[in-house]
Amino acid sequence: MRVITGAARGRKLQTPPGEQVRPTTDAVKESVFSIIQFSVEGRAFLDAFAGSGQMGIEALSRGARHAVFLDNGRASLEAVRKNLAVTGLADKAEVIPADTLSYLSNCTQHFDIAFLDPPYQTGLLQQALQLVPRVMNPGGMILCEHPAEEVLPEAVGDFILKKSYKYGKIRITVFSHKEVEGL
């Protein structure tokens with residue numbers, strides 16, 4: 001696993017040991033950032049269920065202004081901190097040891113891009129999707145990584161499902177604010 005491009009290009013990232021974390025593959029990560037390539041620079045990025053933090057780190061490497069990393073696993077939080085140190089991006093990051101659902105319920109920050117990749121088949125994605133619109137800026141974008149067979153709602157709050165991309169057994173679904181044209 002590595003940073004694909006930007007300020008930290010080529011830096012190797014570590015993933016927490018064990019089966020608890022399922023890192024996004026480099027191919028899927030490249031596709032996600034191809035989808036949002038013109039929307040990252042200068043934006044606030046939320047990496048919910050962060051795992052290794054690779055998605056938020058990629059966003060920071062590509063010019064995101066700030067990234068918040070949420071996870072409640074000790075090994076994941078340690079990996080995120082180490083990966084931020086190795087990439088030199090820690091000064092633009094906030095690592096929060098928290099349950100994502102609790103954080104989203106009480107959060108006062110707002111984000112331009114949110115990436116949700118919870119453990120599969122747990123119901124956490126559907127729960128997080130109901131909460132995340134309240135922490136999004138108008139014009140924002142919510143991206144979800146989930147099993148290809150899992151169907152997500154057509155809308156959450158003011159965010160409408162704009163596009164869904166299938167990569168083998170994985171699907172990336174993109175929601176954008178109802179007032180935003182295209183993708």
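- Note that CG of Leu70 is 8.0 Å distant from CG of Asp47, once rounded to the nearest 0.5 Å.
- Looking at heavy atoms from C-beta onward, Leu104 lies in side-chain contact with Leu46 at the 4.5 angstrom threshold.
- With a 4.5 Å cut-off on side-chain heavy atoms, Val174 and Met141 count as touching.
- Remark: the backbone N or O of Lys92 is paired with a side-chain donor or acceptor of His66 at under 3.5 angstrom.
- Here CZ of Phe111 is found 8.5 Å from CE of Met136. Values are rounded to the nearest 0.5 Å.
- Residues Thr173 and Phe175 meet the side-chain proximity criterion, which asks for heavy atoms closer than 4.5 Å.
- Between the CD atom in Gln14 and the CG atom in Asn83 there is a gap of 5.5 Å [rounded to 0.5 Å].
- Across all their heavy atoms, Gly51 and Pro16 have their closest contact at O-CG, 4.1 Å.
- With Glu150 as the fixed residue, the side-chain hydrogen bond (donor to acceptor under 3.5 Å, both in side chains) test singles out one of Gln121, Arg171, Gln126: Gln126.
- Looking at every heavy atom in both residues, Asp71 comes nearest to Leu77 through O-CD2, 3.6 Å.
- How far CD1 of Ile4 is from CZ of Arg62: 5.5 Å, rounded to the nearest 0.5 Å.
- Taking the side chain as every heavy atom from C-beta outward, Phe33 and Thr5 never approach each other to under 4.5 Å.
- A donor-acceptor distance shorter than 3.5 angstrom exists from the side chain of Ser61 to the backbone of Ala7, with no hydrogens or angles considered.
- When the side chains of ILVMFWY residues are joined at heavy-atom separations under 4.5 Å, either directly or via intervening members, Phe115 and Ile36 end up in a single hydrophobic cluster.
- Within the 4.5 Å cutoff, no side-chain heavy atoms of Leu124 are placed close to those of Thr100.
- Residue Phe45 is not grouped with residue Val95 when hydrophobic side chains (ILVMFWY) are merged at heavy-atom distances under 4.5 angstrom, including chains of intermediate members.
- Hydrophobic clustering, with ILVMFWY side chains joined whenever heavy atoms are under 4.5 angstrom apart, groups Leu131 together with Leu152.
- Counting only heavy atoms from C-beta outward, the side chains of Tyr167 and Ser31 approach each other to under 4.5 Å.
- Residues Val86 and Leu89 fall into different hydrophobic clusters, defined by Ile, Leu, Val, Met, Phe, Trp and Tyr side chains chained together at heavy-atom separations under 4.5 Å.
- Of all non-hydrogen atoms in Gln130 and Val156, the two that sit nearest each other are NE2-CG1, 3.8 Å.
- Considering every non-hydrogen atom in both Phe69 and Ala93, the closest pair reads CE1-CB, 3.6 Å.
- The closest side-chain heavy-atom distance from Tyr103 to Asn72 is not below 4.5 Å.
- Hydrophobic clustering (side-chain heavy atoms under 4.5 Å, transitive across Ile, Leu, Val, Met, Phe, Trp, Tyr) keeps Ile35 apart from Ile142.
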Should Arg65 and Asp112 be marked as a side chain to side chain contact (heavy atoms under 4.5 Å, CB included) after you check the CA-CA gap, both sets of side-chain angles, and the distance that decides it?
CA-CA 10 Å; Arg65 172 178 45 82; Asp112 301 299; 4.0 Å; yes
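- To the nearest 0.5 Å, atoms CD (Glu30) and CD (Gln37) are separated by 11.0 Å.
- Environment of CZ in Arg9: sparse, with no more than 12 heavy atoms of neighbouring residues, nucleotides or ligands closer than 6.0 Å.
- Atom SG of residue Cys144 and atom CG of residue Asp117 lie 9.5 Å apart, to the nearest 0.5 angstrom.
- Side-chain atoms of Glu145 and Met55, non-hydrogen and from C-beta on, never get closer than 4.5 Å to each other.
- Electrostatic pairing of Lys82 and Glu78 counts as a salt bridge here, judged by a charged N lying under 4.0 Å from a carboxylate O.
- Residues Pro119 and Phe49 approach most closely at CD-CD2, 4.2 Å, considering heavy atoms.
- Between Ile113 and Ser39, the shortest heavy-atom contact is CD1-O, 3.3 Å.
- Leu60 pairs in a side-chain contact (heavy atoms from CB on, under 4.5 Å) with only one of the listed residues (Leu84, Asp91, Val40, Val3), which is Leu84.
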